[in-house]
Structure formats: C-alpha cells, structure tokens
Amino acid sequence: MPLRLLPPGMTPVRLRAAQRRFAAILGADRVFFDELDRETYSDQFAISPDSHVPIGAVAPESVEEIRAIVAVANAYKLPLWPISRGKNLGYGGSAPVLSGSVVLDLSRMKKIEVDRENGVVLVEPGVSFYDLHDYLQTNDIPLWLSVPGNSWGSVAGNALDRGVGYTTYGDHTSKICGLEVVLPDGDLVRTGMGAMANAPTWQLYRYGYGPAWDQLFVQSNFGIVTKLGLWLMPRPESMMGLELNFDKPEDLEWAVDILAGLRREGLLQQAPSIGNWLRAAAVLTKREDWHDQPGALPDSVIAAIRRKFQLGWWGTSVRVYGRESVNRAAISAIKSAFKGHRLMSMERTHWVDGEPLERSAWVGAPITFPMQNVGWHGGRGGHIGFSPVLPANGRLAMEQFRQTYARYKEFGMDYQASFAMGERHLTNVNAILFNQDDPAMMARIHPFFRTLVADAKARGYAEYRAHIEHMDLVAETYDFNNHALRRLNERVKDALDPNGVIAPGKSGIWPARLRTRRRR
Ligand code: ADP
C-alpha cells in the first residue's frame with residue numbers, strides 16, 4: 001500500500017489491523033483495499049487526481065454492520081467517507097475530500113418501502129432512481145419520481161447533496177421527511193416523528209417536536225444516513241408545458257423577470273432552467289466537428305451550431321402538473337405573461353392520462369443522456385460546476401452572465417450555463433467542460449475556478465454545492481462575523497465526532513484533530 005495515502009496518524013500495521021477487523025465484520029469479499037479498488041472509488045472527473053484518493057472501501061449491507069464499522073473507525077481514528085451510490089459526478093463522485101479515507105459504500109442497501117396512500121417512500125442509500133422507478137412501474141403504483149439530469153445516482157445521495165430535478169418535486173432536499181442516521185459514535189437516531197418508536201407519521205410530518213434535524217445531516221459530516229423518507233408526486237391527470245427559445249443573450253433579463261414573477265405567485269411550481277445553446281448542443285455534437293482551434297468559440301461558429309440544431313441563445317422548458325382544466329388555464333396564463341416580448345419560438349406540449357407517456361425527466365423517468373456533454377472536447381472528458389446563488393432578478397442575472405461569459409473567454413473555455421428559477425432565488429449553474437487528457441486545458445481550471453469564486457464573492461454571491469476540491473474555498477466565502485457559521489459547524493462536529501472519523505473536510509467542516517488540513 002502506498003505510504004503517501006495513509007490517513008494522518010496512521011501506520012501500515014494499524015491500517016492492516018483495521019482491515020482485518022473490517023473483514024471480520026463483513027467478510028473479505030466486501031473489503032476493498034487493492035490498487036484497482038482505489039482507482040475505482042476515485043473521482044472519474046478528477047481535476048486534481050492525486051489529491052483525493054481513498055485508501056480503500058468497505059461495503060456494509062445493514063445498519064448493524066455500519067455501527068460495527070464505525071466502532072472500528074473510532075478505535076483506529078480512521079476516517080470514513082459515506083456514499084450512497086457514489087455517482088456525484090462533477091462534485092467528486094465517490095472520492096473523499098481527505099486522501100486516505102475509507103469509502104463507506106452503502107450501494108448494497110436497497111430496501112424500498114412505499115406508502116402508496118400517503119405518497120411517500122422510505123429508501124435505503126443504495127436505491128437508485130432506476131430502482132425506484134422500476135419498483136413503482138412493476139407494482140403499478142401511481143406515483144412519479146423527480147429525477148436529476150444524470151439519474152445514475154441514488155435517491156438518498158442526491159437529496160443529501162441538494163441535487164435537483166425538473167418536476168414540481170424537483171427541489172429534492174425540501175421533500176425529505178424523516179431520516180435514520182448512525183451518528184459518529186455509533187448511536188442510531190431517527191429524526192422528526194421517527195423519534196417515537198413505530199410512529200405512523202414519520203414520513204408525513206417533517207418537524208417532530210423540538211429542533212428539526214433533517215437538514216443538519218444534509219451536505220454535512222455529522223452522521224451516516226441509513227434511511228431517508230421522501231415525498232413523491234401523485235401521478236397527475238395531465239402535464240402541459242411550453243418549450244421556449246430566446247434569440248439573444250440580452251433576452252435573459254426579461255425571461256428571468258417573467259419566470260421569477262410566476263414562481264413567486266405560485267402559478268409555476270416547477271423550477272425552469274434557462275440554459276444556453278451549448279447546454280443543448282454539447283449532448284448532440286462534438287467541438288471538433290465545428291472548430292479545431294483552442295480558445296473560446298468564435299461567434300460565427302456559435303451561430304452555425306445554433307442554426308443546425310435550431311437552438312436559441314437561451315432556451316427553457318416550463319411544465320405544469322395536475323388537473324387538466326387547471327393546467328389549461330395555467331398554461332395560457334403563463335403564455336400571456338410573455339406577451340410583448342419577441343421569442344424565437346414557443347411550442348406547447350400536452351399530455352393527459354390515457355395517452356402514451358414520454359420517457360423523460362419531465363415525467364420522472366431516469367435519464368443519462370445529458371452526461372454526453374463530457375464528450376464535447378474529446379479525450380477523457382469531465383466537468384465541474386460553478387453554481388452561485390443569486391436573487392431572482394433579471395438585471396442581476398444579466399450582470400452575472402456578462403461577467404462570467406467574459407471570464408470564460410479570457411480563460412479560453414466554452415461557456416455552458418443555466419439559470420434555474422427557485423421560488424425566491426436563481427441558481428446560476430456554470431458547467432466547466434474539460435478533457436482530462438489536455439494538460440494545457442487542465443492547468444487553466446484552478447485559476448479559472450478561483451476567479452469565478454472571487455467574482456461572485458465580490459457581488460455577495462456564494463455557491464450552493466461544491467466539488468470536493470473546492471469545499472474549503474467555498475466555505476471560506478461564507479464569512480459573516482469572521483466565519484461564525486464555520487465555527488458553529490465545527491463545534492457541533494467536535495461534540496458529535498470527537499475522533500473526527502466521518503467525512504473530514506466535507507463542506508469545509510473539519511474535526512479538531514484534522515483542522516490543520518484546511519486549505520487556505
Ligand atoms: P449519488 O450516487 O446519488 O450521486 P453520492 O452517493 O455520490 O450520491 O452522494 C453524494 C454525496 O452525499 C457524497 O459525496 C456524500 O458526501 C454524501 N452522502 C451520500 N450518501 C450519504 C449517506 N448515506 N450519509 C451521509 N452522507 C451521504
């Protein structure tokens with residue numbers, strides 16, 4: 001085993017002893033400490049391939065096994081990095097922040113309990129979107145999922161990292177209702193109404209009594225989630241929508257203002273994402289088909305690509321779900337909100353129960369084709385996201401777009417971005433597409449990313465989610481009262497996890513023992 005990968009304070013002899021204890025709990029076939037295992041659990045879209053390498057992985061199948069593993073981790077001060085399915089591509093995949101951590105792979109825990117009448121599900125971490133979709137179909141359960149654009153991952157892991165989907169249930173983390181968690185000391189808790197043994201309301205009422213803890217285990221390293229309750233959408237009578245294309249970059253301003261108003265009003269309950277031409281084009285074609293020079297794409301090439309695929313500079317999709325009569329009225333009201341503005345195109349979509357159902361994210365069918373965008377540059381592709389949260393305001397969105405687009409050009413990168421409309425905010429997801437086999441391009445990623453973070457910080461904006469490489473950088477921008485939130489997080493961390501064994505460094509939260517590892 002490579003010595004450089006040993007976690008802080010660990011010796012090869014002690015690590016081997018811990019491995020033997022893991023094997024005694026799980027059997028040797030669920031303990032993975034070979035070179036190939038390390039590679040498999042590393043980040044497949046790595047931007048710093050040597051910085052986040054796990055020493056190995058273990059794959060428990062039950063809560064009791066997890067508790068036994070946590071006891072070993074505490075005895076040896078060996079950090080664990082819990083993953084559900086480890087498909088968090090663009091944010092680190094299954095790889096840990098701290099090299100030498102042991103990946104706690106929960107992908108074999110696949111229990112699904114659906115409460116059909118109440119429209120809720122309780123899933124274990126290993127349940128993928130495909131698993132749950134198949135389960136609902138096979139058992140003819142009239143509930144729809146909300147799936148992310150790349151639906152390879154798990155229902156639980158996605159909600160725990162604040163992933164999003166496209167239906168009215170698309171803010172996944174807001175649909176969490178009740179967790180079961182193994183704490184860093186091995187204790188087992190249930191949150192909300194689950195704190196009462198056998199409560200039939202665990203997945204029905206979020207808060208329980210006293211402080212509500214669900215969100216404390218989201219994007220955090222305070223525990224290992226072993227069950228997650230989630231609300232699902234009752235299969236609607238109809239789904240209607242609009243496909244909108246906008247011709248000019250400046251159209252972003254009024255498009256945001258119109259959609260923001262519809263969201264605040266509540267007429268539009270799903271979060272439309274306004275994406276630029278490359279978001280659509282990168283899954284349809286490759287850069288080399290159009291241009292063979294480095295640097296940002298010239299406007300003439302952009303125009304040619306847009307022409308070929310009939311793409312707006314920006315495009316978005318809007319959907320409403322529910323009663324047919326209500327949807328008809330809602331869609332015509334939404335349509336009329338765009339009156340007086342010149343759209344490149346506007347098409348209606350229409351589905352009512354009884355008609356064949358499309359297989360798309362709009363109806364909660366898992367999809368993976370958006371991942372095609374990693375092929376844009378050729379070679380071993382990959383991407384990371386830079387996703388600051390903005391007010392839902394057209395002028396501010398336009399300013400952010402102008403500044404970011406100029407930075408993409410300055411660093412010779414192709415601009416792929418979207419603005420997703422929350423109820424009161426806008427998430428500006430900028431994808432940075434790269435080719436891991438192009439050293440010159442890879443050398444630009446870090447300075448580029450740091451510049452984007454600094455630009456956003458100067459405007460008072462920060463990211464909602466970060467790649468393992470940037471967790472400290474992003475946490476650093478949350479600086480009110482000299483990082484009071486970080487101090488609070490780390491006081492809680494130290495109280496719950498005195499040996500610092502669960503996901504050190506996750507979201508910039510370090511246990512006392514490893515705090516010197518924080519990157520400044
Ligand atoms: P997915 O496979 O759904 O894309 P991951 O398993 O990669 O999701 O999880 C995303 C991130 O969320 C992980 O890196 C990890 O930090 C955290 N996470 C995932 N599952 C758990 C869990 N069961 N308990 C605690 N944290 C988790």
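Predicted, not measured: the structure shown is a model, and the values here were computed from it. Order of listing sets the numbers, starting from 1, for every ligand and every atom in it.
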query = For Y166 and S146, which heavy atoms make the closest approach, and how far apart are they?
reply = N-OG, 3.8 Å
Would you mind listing which atoms of ligand 1 come within a distance below 4.0 Å of any non-hydrogen atom of [X]?
X: G86; value: 2 (O), 5 (P), 6 (O), 7 (O)
X: G153; value: 1 (P), 2 (O), 3 (O), 4 (O)
X: G223; value: 25 (C)
X: I224; value: 24 (N)
X: G93; value: 7 (O)
X: K87; value: 1 (P), 2 (O), 4 (O), 7 (O)
X: N158; value: 3 (O)

query = Does a side-chain N-to-carboxylate-O contact under 4.0 Å join E124 and R108?
reply =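 Salt bridge flag = no for R108 with E124.
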query = Among N88, N150, L106, which one has a heavy atom closest to atom 7 (O) of ligand 1?
reply = N88
key: From the candidates S151, S84, A95, the one that places a heavy atom nearest atom 19 (C) of ligand 1   = S84
message = Taking the ring of F448 and the ring of F386, is the distance between their centroids below 6.0 Å?
response =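 Between F386 and F448, the centre distance exceeds or equals 6.0 Å.
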key: atom 15 (C) of ligand 1 [closest protein heavy-atom partner, distance rounded to 0.1 Å]   =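 The protein heavy atom lying closest is P82 O, 3.3 Å.
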key: Shortest protein contact, atom 8 (O) of ligand 1 (heavy atom only)   =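 Of the protein heavy atoms, G157 CA, 3.7 Å lies nearest.
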key: Backbone of L26 reached by a side-chain donor or acceptor of R30 within 3.5 Å   = yes
Parallel, tilted or perpendicular: which describes the rings of [X] and [Y], with under 30° parallel and over 60° perpendicular?
X: W144; Y: Y321; result: perpendicular
X: F33; Y: F22; result: parallel
X: H467; Y: H470; result: tilted

message = With the threshold set at under 4.0 angstrom, would you say F217 reaches ligand 1 through any of its heavy atoms?
response = no
request  = Say whether A503 and ligand 1 are in contact under the criterion: heavy-atom distance to a ligand atom below 4.0 Å.
outcome  = no
Atom pairs and distances, side-chain donor-acceptor, residues 472-482, under 3.5 Å, sequence neighbours left out:
unit_1 : atom_1 : unit_2 : atom_2 : d
D472   : OD1    : W510   : NE1    : 2.9
D472   : OD2    : W510   : NE1    : 3.4
D472   : OD2    : R519   : N      : 2.9
E476   : OE1    : R486   : NH1    : 3.1
T477   : OG1    : V474   : O      : 2.6
Y478   : OH     : E463   : O      : 2.7
D479   : OD2    : K457   : NZ     : 3.1

ask   = Should we count NZ of K110 as having more than 12 external heavy atoms under 6.0 Å?
value = yes
inquiry  = Are more than 12 heavy atoms, taken from residues, nucleotides or ligands other than R517, located less than 6.0 Å from that residue's CZ atom?
reply    = no
Donor-acceptor pairs under 3.5 angstrom involving side-chain atoms of residues 174-189: please list them, not counting sequence neighbours.
unit_1 : atom_1 : unit_2 : atom_2 : d
S174   : OG     : D171   : O      : 2.7
E180   : OE1    : T226   : OG1    : 2.7
E180   : OE2    : R190   : NE     : 2.9
E180   : OE2    : R190   : NH2    : 2.8
D185   : OD1    : D187   : N      : 3.0

[X], portion touching ligand 1 at heavy-atom distance under 4.0 Å:
X: K506; value: side chain
X: W152; value: neither
X: I83; value: both

N or O contact, V225 vs ligand 1, cut-off under 3.5 Å =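 Yes: some nitrogen or oxygen of V225 is under 3.5 Å from one in ligand 1.
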